[in-house]
Asker: 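Take this structure, written in structure tokens, and hold onto it; I'll ask about it next.
All values below were derived from every heavy atom in this structure, side-chain atoms included, with hydrogens, water molecules and symmetry-related copies excluded. This one's a predicted model, so the numbers in the text were calculated from it and none came from an experiment. Just so it is clear: chains get the letters A, B, ... in the order the sequence lines come, proteins before strands, and each one is counted from 1.
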Amino acid sequence: MPEGHTIHRLARDHRKDLVDRSVTVGSPQGRFTQGAAVLNGRVLTGVDAYGKHLFYRWGDDTLHVHLGLFGRFMRYEHARGAPPEPTPTTRLRLITDAVTIHLSGPTVCELMNPVAEDALRARLGPDLLGRRPNADAVFDALQRRRSAIGTVLLDQRVLVGVGNVYRAEALFLCGIHPDTPANAISRAHFDLLWETLRQQLRAGVAANRIVTVEPGDVGVTTRRQLTEDQRLYVYRRAGEPCRRCGTTITSWTLSARAIYACPSCQPEQAV
DNA sequence: TACATATGATCAT
DNA sequence: TGATCCTATGTAA
């Protein structure tokens, strides 16, 4: 379940669990055995997130993890009982005195040196969850593209951190139709979209899940009262009524992913 | 058992 | 645009 918020939250949690600790590193599945051997038993010096990429540092030896669509971390505190045995799909296992962490299904789990990391970062756009992402650079990139804003939001060269849920939800919150050409978005609308995405992603890190709905729109007063199926405005809600206006939510395919929108709240020509 | 599906991304055509 | 890689889960057969 990884968009940028998940990755940054994992970095924060794993930093707390692992940094300055000696870590037993293994690959029960066997597909990262060589790399694990290099890191095993050494003291972790840092954990960083950039977009949807994670970097675990043992000095200049870096473990690069990208969860892709299916990757998952599981965390087990030893104080709560013995951790489960790894499964045949446990690519990576990290163990300290206090916790055991299992990773399965990642797209990437590899050793990386600083040069390769620089090259990777160089081909990625600003991280919306970074300290001071360059909005001007992203707006300039939009100006140069005719493709749909819904497509550009998932283009890693333009910006990183947004995934398929946040793209649909943020465009709804901003009243922007996903098919709107990127170069037709005004600076004012871009600024709104930019701030919306940053704010939503930050909220996602804090809550460790995606919740975009204003409680008042579903008749409750606090975020806490939202049920699991009241968290989102449009994502996976095709055929259901818009929470704001009642119009039926529509869905289609945009850059090989499902996109969702309210035809009334996100009129085609609004930019 | 099989299939569809998923909050990702790249590469070939 | 389609094929491909990675895994778990729910539903259908």
Side-chain angles (χ1 to χ4, degrees), chain A residues 1-11 27-33 35 49-55 63-75 84-93 101-110 112 116 119-125 127-129 147-148 150-173 178-179 196-198 200-213 228-239 249 251-261:
Chain A
M1 309 132 93
E3 295 193 26
H5 68 297
T6 303
I7 306 309
H8 282 258
R9 176 57 179 254
L10 282 166
S27 179
Q29 182 190 47
R31 290 184 54 175
F32 186 60
T33 306
Y50 191 87
K52 299 169 194 167
H53 297 260
L54 280 164
F55 304 97
L63 166 64
H64 172 218
V65 172
H66 192 295
L67 295 182
L69 198 48
F70 310 129
R72 271 181 100 89
F73 277 104
M74 298 296 281
R75 176 183 180 277
E85 288 301 310
T87 72
T89 61
T90 305
R91 181 81 57 88
L92 174 76
R93 182 168 58 163
I101 291 167
H102 289 182
L103 167 66
S104 71
T107 284
V108 176
C109 175
E110 64 182 7
M112 185 171 249
L120 169 64
R121 287 175 182 255
R123 59 181 173 77
L124 299 174
D127 182 359
L128 287 174
L129 281 167
S147 40
T151 294
V152 176
L153 286 181
L154 296 184
D155 187 334
Q156 304 299 297
R157 295 167 301 183
V158 175
L159 79 176
V160 298
V162 181
N164 206 30
V165 178
Y166 280 122
R167 101 163 152 166
E169 294 294 309
L171 290 171
F172 171 85
L173 287 168
D179 287 338
T196 299
L197 282 167
R198 290 196 73 199
Q200 290 296 333
L201 279 158
R202 282 195 297 255
V205 175
N208 207 7
R209 60 181 198 152
I210 304 176
V211 181
T212 59
V213 168
E228 196 60 20
D229 57 354
Q230 290 178 322
R231 292 162 39 230
L232 306 173
Y233 282 109
V234 293
Y235 181 75
R236 293 253 260 164
R237 294 196 64 241
I249 302 298
S251 174
W252 64 101
T253 298
L254 182 56
S255 55
R257 315 290 300 277
I259 183 73
Y260 307 83

Asker: When rounded to the nearest 0.5 angstrom, what is the spacing between NE2 in A:His66 and CG in A:Leu120?
Answerer: 8.5 Å

Asker: If I pick the C1' atom on C:dT1 and the same atom on B:dT7, what distance separates them, to the nearest angstrom?
Answerer: 23 Å

Asker: Toward the 5' end of DNA chain B, which comes first, A:Thr6 or A:Arg123, by nearest nucleotide?
Answerer: A:Thr6

Asker: Hey, is the side chain of A:Arg257 poking within less than 4.0 Å of OP1 or OP2 on C:dT1, counting only N and O atoms?
Answerer: no

Asker: Once you apply a heavy-atom cut-off of 4.0 Å, does A:Arg72 come out as touching a base, just sugar-phosphate, or nothing?
Answerer: nothing

Asker: Which atom pair, heavy atoms only, marks the closest approach of A:Phe55 to A:His64?
Answerer: CE2-CD2, 3.7 Å

Asker: Rounding to an integer number of Å, can you tell me how far A:Leu120 CG sits from B:dG8 P?
Answerer: 17 Å

Asker: Please determine whether a side-chain nitrogen or oxygen atom of A:His66 lies at a distance below 4.0 Å from atom OP1 or OP2 of B:dA9.
Answerer: yes

Asker: Check the distance between C:dT4's P and A:Leu69's CG and give it to me in whole angstrom.
Answerer: 17 Å

Asker: Roughly how many Å apart are C:dC5 and B:dT13, using the P atom of each and rounding to a whole number?
Answerer: 14 Å

Asker: What is the distance, to the nearest angstrom, from the CZ atom on A:Arg157 to the P atom on B:dC11?
Answerer: 11 Å

Asker: Could you check how far CD1 of A:Ile259 sits from C1' of B:dA6, rounded to whole Å?
Answerer: 15 Å

Asker: Identify all side-chain donor-acceptor contacts of residues 159-170 of chain A below 3.5 Å with residues at least two apart in sequence or on another chain.
Answerer:
unit_1: A:Asn164; atom_1: OD1; unit_2: A:Arg167; atom_2: NE; d: 2.9
unit_1: A:Asn164; atom_1: OD1; unit_2: A:Arg167; atom_2: NH2; d: 3.2
unit_1: A:Asn164; atom_1: ND2; unit_2: A:Ala258; atom_2: O; d: 3.1
unit_1: A:Tyr166; atom_1: OH; unit_2: A:Gln200; atom_2: O; d: 3.3
unit_1: A:Arg167; atom_1: NH1; unit_2: A:Gly150; atom_2: O; d: 2.7
unit_1: A:Arg167; atom_1: NH1; unit_2: A:Leu254; atom_2: O; d: 3.3
unit_1: A:Arg167; atom_1: NH1; unit_2: A:Ser255; atom_2: OG; d: 3.3
unit_1: A:Arg167; atom_1: NH2; unit_2: A:Leu254; atom_2: O; d: 3.0
unit_1: A:Arg167; atom_1: NH2; unit_2: A:Arg257; atom_2: O; d: 3.3
unit_1: A:Glu169; atom_1: OE1; unit_2: A:Thr212; atom_2: OG1; d: 2.5
unit_1: A:Glu169; atom_1: OE1; unit_2: A:Tyr233; atom_2: N; d: 2.7
unit_1: A:Glu169; atom_1: OE2; unit_2: A:Tyr233; atom_2: N; d: 3.3
unit_1: A:Glu169; atom_1: OE2; unit_2: A:Val234; atom_2: N; d: 2.8
unit_1: A:Glu169; atom_1: OE2; unit_2: A:Tyr235; atom_2: N; d: 2.8

Asker: What integer number of Å spans the P atoms of B:dT10 and C:dA8?
Answerer: 23 Å

Asker: Begin with the C-alpha distance, continue with both residues' side-chain angles, and end with the deciding distance and a verdict on side chain to side chain contact (heavy atoms under 4.5 Å, CB included) for A:Leu92 and A:Ser27.
Answerer: CA-CA 5 Å; A:Leu92 174 76; A:Ser27 179; 5.9 Å; no

Asker: Which value, rounded to the nearest 0.5 Å, describes the distance between A:Arg91 atom CZ and A:Thr89 atom OG1?
Answerer: 9.0 Å

Asker: I want to check one thing: is the phosphate of B:dT7, taken as OP1 and OP2, less than 4.0 Å away from some side-chain N or O of A:Arg236?
Answerer: no

Asker: Applying a 4.0 Å non-hydrogen cut-off, can you work out what A:Arg209 is touching in the nucleic acid: base, sugar-phosphate, or nothing?
Answerer: nothing

Asker: For A:His5 and A:Asn208, run side chain to side chain donor-acceptor pair (under 3.5 Å): C-alpha distance rounded to whole Å, both residues' side-chain angles, the deciding distance at 0.1 Å, then the answer.
Answerer: CA-CA 7 Å; A:His5 68 297; A:Asn208 207 7; 5.9 Å; no

Asker: Base, sugar-phosphate or nothing for A:Leu67? Non-hydrogen atoms, less than 4.0 Å.
Answerer: nothing

Asker: Separation of A:Leu254 atom CG from B:dT7 atom P, in whole Å?
Answerer: 13 Å

Asker: What's the closest nucleotide to the side chain of A:Arg31 if the choices are C:dT7, B:dA9, B:dT10?
Answerer: C:dT7

Asker: Tell me whether the count of non-hydrogen atoms from other residues, nucleotides or ligands lying under 6.0 Å of CZ in A:Arg202 goes above 12.
Answerer: yes

Asker: So, do A:Phe70 and C:dT7 meet the stacking rule of ring centres under 5.5 Å and planes under 30°?
Answerer: yes

Asker: Is there a donor-acceptor pair under 3.5 Å between the side chain of A:Arg231 and the backbone N or O of A:Ile210?
Answerer: yes

Asker: Please tell me if A:Gln29 has a side-chain N or O lying less than 4.0 Å from either OP1 or OP2 of C:dT7.
Answerer: yes

Asker: What dot-bracket string describes DNA chain B from 5' to 3', counting Watson-Crick and G-U wobble pairs whose defining distances are under 3.5 Å, with [ ] for crossing pairs and | for pairs to another strand?
Answerer: ||||||.|||||.

Asker: State whether A:Thr89 places a side-chain N or O below 4.0 Å from either non-bridging phosphate oxygen (OP1 or OP2) of C:dC6.
Answerer: no

Asker: What is the separation between atom CG on A:Asp127 and atom P on B:dG8, rounded to the nearest whole Å?
Answerer: 14 Å

Asker: State plainly whether the residues A:Glu228 and A:Arg209 are in salt-bridge range, i.e. N to O under 4.0 Å.
Answerer: yes

Asker: Students often get this wrong, so: under 4.0 angstrom with heavy atoms, is A:Arg231 touching a base, only sugar-phosphate, or nothing?
Answerer: nothing

Asker: Rounded to whole Å, how long is the line connecting atom CZ of A:Arg167 with atom C1' of B:dA6?
Answerer: 14 Å

Asker: Can you tell me the distance, in whole Å, between the CD atom of A:Gln156 and the C1' atom of B:dG8?
Answerer: 8 Å

Asker: When you measure from the side chain of A:Ser104, which nucleotide among B:dT7, B:dT10, C:dA8 comes out closest?
Answerer: C:dA8

